[in-house]
Amino acid sequence: HEIEKRNMETWAQVNLASIYNTLERLRKDKMVVAKKEKPGKMPEREVFHITGKGKNKLASLVEEAITDSRMPEHNFCVGVAFLFGLTKKKALECLKVRKKNLKHVEEHLRKLKDDYRRQLPVNWKFLLYYGIEHLRMEAKMLDDLKRKIVKLRNWSSAVDHIRLDIRKIEDLKKRFSKLEKLTSRNP
């Protein structure tokens, strides 16, 4: 399996269990075609090939992914946004686990970089270096966040402050909604 060989379950979060359902959907949408092949003495297998329509869709998705300036949804960001829903101790523990996980992934990427340095095309080298630097930056930011949390003297007042900010945001949303209704009536 190319997915296992390239370790895509880790860095691209491709789940092997659902890959065949995805391939069937792509086949139905005429993005890929399957051909039976029998390499040497190996058992016959289906090999999927991308179609012209699939190449166009892929190109469109890649362009969108690279040029999209919006902040992508990310579970970690949501977690940090609601960090005060945890106790201070639990928040610090979670950030420690996050950093440990980042270090583990960084070590894995460094090993891949070292093992395949001469074999990788330039875009894959870029992805490895980008991933490593991104992980290092996030680890530094986690350390900074942990230091700020440790310095907070009253965790519950920080929670109350967040609640006040949410009320202000809700009030602003209501005001903007009223303003939109008024401006849509009077072009």
Side-chain angles (χ1 to χ4, degrees), residues 1-83 85-86 90-91 93-143 145-146:
H1 286 112
E2 283 295 312
I3 292 168
E4 290 172 344
K5 185 175 149 188
R6 294 178 187 222
N7 204 20
M8 291 172 70
E9 273 192 303
T10 302
W11 65 266
Q13 297 178 349
V14 173
N15 184 343
L16 224 52
S18 65
I19 194 75
Y20 291 106
N21 289 333
T22 303
L23 286 169
E24 282 304 317
R25 220 176 18 248
L26 290 169
R27 183 187 343 214
K28 182 181 170 190
D29 293 340
K30 298 183 179 9
M31 301 289 178
V32 298
V33 294
K35 295 180 182 174
K36 300 235 184 235
E37 292 183 6
K38 187 171 179 1
K41 294 181 181 183
M42 300 292 291
E44 188 175 77
R45 63 182 181 177
E46 267 191 315
V47 177
F48 291 84
H49 302 273
I50 193 165
T51 63
K53 182 178 179 182
K55 286 179 183 178
N56 289 338
K57 181 66 175 179
L58 177 62
S60 171
L61 291 170
V62 169
E63 180 179 346
E64 181 181 340
I66 292 172
T67 61
D68 192 358
S69 62
R70 294 172 293 163
M71 178 74 152
E73 289 186 17
H74 191 280
N75 290 341
F76 174 69
C77 293
V78 173
V80 170
F82 294 96
L83 197 60
L86 300 173
K90 188 65 174 175
E93 286 173 14
C94 289
L95 294 173
K96 182 179 178 181
V97 168
R98 173 74 178 193
K99 185 173 178 189
K100 180 181 173 186
N101 292 340
L102 292 176
K103 289 295 182 189
H104 177 74
V105 174
E106 181 184 349
E107 288 168 10
H108 180 74
L109 290 179
R110 285 186 185 284
K111 184 174 180 345
L112 284 174
K113 182 187 79 159
D114 293 341
D115 291 348
Y116 297 101
R117 176 175 285 156
R118 290 180 169 59
Q119 300 166 343
L120 292 174
V122 66
N123 57 325
W124 286 89
K125 285 180 185 176
F126 171 83
L127 290 172
L128 282 173
Y129 285 103
Y130 176 83
I132 291 166
E133 288 304 312
H134 179 80
L135 293 167
R136 290 178 64 211
M137 178 193 65
E138 186 176 328
K140 287 179 186 176
M141 292 175 75
L142 284 172
D143 287 339
L145 179 58
K146 287 191 302 188

Closest non-hydrogen atom pair, L120 against L128: CD1-CD1, 3.3 Å
Greater than 12 external heavy atoms within 6.0 Å of M137's CE: yes
Between NZ on residue K125 and CZ on residue R118, distance to nearest 0.5 Å: 8.5 Å
Between CG on residue D29 and CZ on residue R27, distance to nearest 0.5 Å: 12.0 Å
Heavy-atom check, side chain of K146 versus side chain of D143, under 4.5 Å: yes
Residues in salt bridge (charged side-chain N to carboxylate O under 4.0 Å, His left out) contact with R117, at least two apart in sequence or another chain: D114
Spacing of NE2 belonging to H134 relative to OH belonging to Y130, to within rounding of 0.5 Å: 6.0 Å
Value rounded to 0.5 Å, distance of NZ in K35 from CD in E46: 12.5 Å
Residues that K103 engages under salt bridge (charged side-chain N to carboxylate O under 4.0 Å, His left out), provided they are two or more places apart: E106
Heavy-atom side-chain proximity of K28 to E24 below 4.5 angstrom: no
Pairing of K90 and E93 as salt bridge, 4.0 angstrom limit: yes
Distance, nearest 0.5 Å, that separates CZ of R98 from CG of L142: 7.0 Å
Residues, nucleotides or ligands: over 12 heavy atoms within 6.0 Å of K38 NZ: yes
All salt bridge (charged side-chain N to carboxylate O under 4.0 Å, His left out) counterparts of K111, not counting sequence neighbours: D115
Point-to-point distance, once rounded to the nearest 0.5 Å, from CG of L26 to NZ of K57: 10.5 Å
Heavy-atom closest pair, residues T51 and V33: CG2-CG1, 3.6 Å
Nearest heavy atoms of L23 and V32, plus distance in Å: O-CG2, 3.9 Å
Criterion salt bridge (Lys or Arg N to Asp or Glu O under 4.0 Å) on E107 and R110, from CA distance to verdict: CA-CA 5 Å; E107 288 168 10; R110 285 186 185 284; over 6 Å; no
